[in-house]
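Worksheet: the structure to be examined is printed underneath.
Order of the sequence lines fixes the chain letters, A, B, ..., with proteins taken first and strands second; residue numbering starts at 1 for each chain.
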Amino acid sequence: MNMQQKMHGNNHYEIGLDHGNVHVFANAEVFQSFEAKVYEMADNNLRIPRNVYMSYTPDAHVGVGTCIGTTAVWSMKDGIVSPSIVGVDIGCGMRVHTTPLHKRDIQDKAVRRALIAAIESYVPTNERTNSHFADIDIMEVVKQGLRGLPSKYVPDNQWITHVEESTFQYDHTYLEHLPPKIRKNARGQLGTLGSGNHFIELQYLEINEASAELAAKWGLFDGQVVIMIHSGSRAWGAMLGREYNKVMKEAMYHWGVENPDPNLIYAPITSKEGKTYLNLMYSALNFAVSNRHMIAFGVRQAFKDVFGPQIETPVLYDLMHNYALKEFHRNQPMLVHRKGATRALPPNHFLNTPVYKETGHPALIPGSMGTSSYIMVGKEEGLKNFYSICHGAGRVRSRRATKEAVTIDQFAQSLRIGTEEEILVNHRSLETILDECPQAYKDVDQIIDSVVGASLADVVARCIPMAAIKGK
DNA sequence: ATGTTC
């Protein structure tokens, strides 16, 4: 394959491939670690007609059809929508709640263990345990997002205003196309964590002087305990995505569309299949944001149980990293696919949610287990990448390869088990979550360095884990 | 990612 490398500025490469160009944002070390396969995948994606822009953030790695870490843009007028460039966990994303606590308040392991137990009593982490919120009508949630929740589950208006999107509006008649088993399998799952890389973490913040002013505006302080949540649309999004991959694949066959990768699925936005997928994708985005909301509701109850009913744990922000959003760029509406990429809008950008219009919104970036996560803010220069930054550390090893290469002892050591700085985990044995160990991921500090060096975003706070809750 | 393998 033809590969021509051009440098645009610090940490910004443009790679010319056979069927178009892919932009790469990475420092020299991360850039050199990219395997040939990610460029093969980019080239297959660039065969899709009328692509306006395609890029990789530094956490990019091989995925199904399209790399995780991809931003891909088409015009709404003549563009395409791709379920495989959205990814399997539609609406997967991040949420952070703040607390008034300082890290010393939960340094005592007994306190942290009590918190973990309390959280698990409200948020099921066992894969097949139903949520405690049986009175919530799932159909109202997928139709209206947060506005479909009973008001007793909305503690205050901030839980609606401090999110990337509270309600995606779409044509609900498309829900009639869905196979009934999707409703059946998603029932009882609202407010449950899921497995894989999903987590709830208790972290404390490290804020340096340069970002202290903005951090204070957001209500953040050095040493503060925060709650970070990573989850998605559970069975609703997964089954819907799978179903429409299948439907669209058949349509591609009928249209005679050819692509070397059979897992790369796409259709014109204006086609029946494209319209159907987009409308149903919105239902999954509504499910996902509501799912994180209800997980947070449970965690809030747990904090009240442990620290008393007066404790306040307001939401900082909730945003997604697997979706296709209609956004206005270059004087026209575009469909921006982000598959494992996070929007980071700069101060005063019109796409910001109103409460963060002036400062830009918090961009929430998880690390791997046992390493730091980050709260960032976008910069003007992010325009060159359609305001996309990384979504985390990014895998370097498959789940299977990780289990072969890393021992339980090595994992335990990276969680500093047995020391004062131990990260407490809700698993008796680390064996079941070994594939989530930090050795399975790139070094998140290198990823953040890449993004900052490329002037896409700045660090506002570093979040250091104290306790982690994972699915079982 | 996923009631995981149509």
From CD1 of A/Ile182 over to C1' of B/dT4, roughly how many Å is that when rounded to an integer?
15 Å
Under 3.5 Å, sequence neighbours excluded: what are the donor-acceptor pairs made by side chains of residues 240-249 of chain A?
unit_1   : atom_1 : unit_2   : atom_2 : d
A/Asn245 : ND2    : A/Gly241 : O      : 3.0
A/Lys249 : NZ     : A/Pro262 : O      : 3.4

Could you measure the distance from the CD1 atom of A/Ile269 to the CG atom of A/Leu278? Nearest 0.5 Å is fine.
6.5 Å
Once you round it to whole Å, what is the distance between P of B/dT2 and CD1 of A/Ile90?
13 Å
Value in whole Å for how far the C1' atom of B/dT5 lies from CE of A/Met239
12 Å
From CG of A/Asn245 over to P of B/dC6, roughly how many Å is that when rounded to an integer?
15 Å
May I ask you to say what A/Gly196 touches in the nucleic acid, namely base, sugar-phosphate or nothing, with a heavy-atom cut-off under 4.0 Å?
sugar-phosphate
Sub-4.0 Å heavy-atom contacts from residues 125-140 of chain A onto DNA chain B, ordered by number
A/Glu127, A/Arg128, A/Asn130
Determine, using ring centers only, whether A/His23 and A/Tyr13 are less than 6.0 Å apart.
no
Taking DNA chain B as the partner, which of residues 273-290 of chain A come within under 4.0 angstrom of it by heavy atom?
none
Not counting sequence neighbours, list each pair that qualifies as a ring pair (Phe, Tyr, Trp, His ring centres under 6.0 Å) and has a residue in residues 116-144 of chain A.
A/Phe133-A/Tyr153
Whole-Å distance, A/Lys184 NZ to B/dT4 P, equals 9 Å
When the distance from NZ of A/Lys181 to P of B/dC6 is rounded to whole Å, what number comes out?
7 Å
Show every donor-acceptor pair shorter than 3.5 Å between a side-chain atom in residues 68-75 of chain A and any protein atom, with sequence neighbours excluded, or say none if there are none.
unit_1  : atom_1 : unit_2   : atom_2 : d
A/Thr70 : OG1    : A/Cys67  : O      : 2.7
A/Thr71 : OG1    : A/Ser388 : OG     : 3.0
A/Trp74 : NE1    : A/Pro49  : O      : 2.9
A/Ser75 : OG     : A/Lys77  : N      : 3.0
A/Ser75 : OG     : A/Gln332 : OE1    : 3.0

A/Lys152 and A/Asp135 ion-paired at < 4.0 Å:
yes
Donor-acceptor contacts, no H, no angles, side chain residues 465-472 of chain A, under 3.5 Å, sequence neighbours left out:
unit_1   : atom_1 : unit_2   : atom_2 : d
A/Lys470 : NZ     : A/Gly196 : O      : 3.1
A/Lys470 : NZ     : A/His198 : O      : 3.4
A/Lys470 : NZ     : A/Glu436 : OE1    : 3.4
A/Lys472 : NZ     : A/Glu120 : OE2    : 3.2
A/Lys472 : NZ     : A/Asn426 : O      : 3.1

Please confirm whether the ring centroid of A/Phe386 lies under 6.0 Å from the ring centroid of A/His329.
yes
Walk me through it: do A/Phe287 and A/Ile138 pass the test side chain to side chain contact (heavy atoms under 4.5 Å, CB included)?
CA-CA 8 Å; A/Phe287 189 105; A/Ile138 290 247; 3.7 Å; yes
Upstream residue (5' side of DNA chain B) when A/Lys246 and A/Glu436 are each assigned their closest nucleotide:
A/Glu436
What's the CD-P distance between A/Glu243 and B/dT5, to the nearest Å?
14 Å
Separation of atom CE in A/Met248 from atom P in B/dC6, rounded to whole Å
21 Å
Need one value for A/Gly237: base, sugar-phosphate or nothing, where a base atom within 4.0 Å counts as base even if backbone is also close, heavy atoms only.
nothing
Regarding A/Arg234, tell me which of base, sugar-phosphate or nothing describes its non-hydrogen contacts under 4.0 Å with the strands shown.
sugar-phosphate
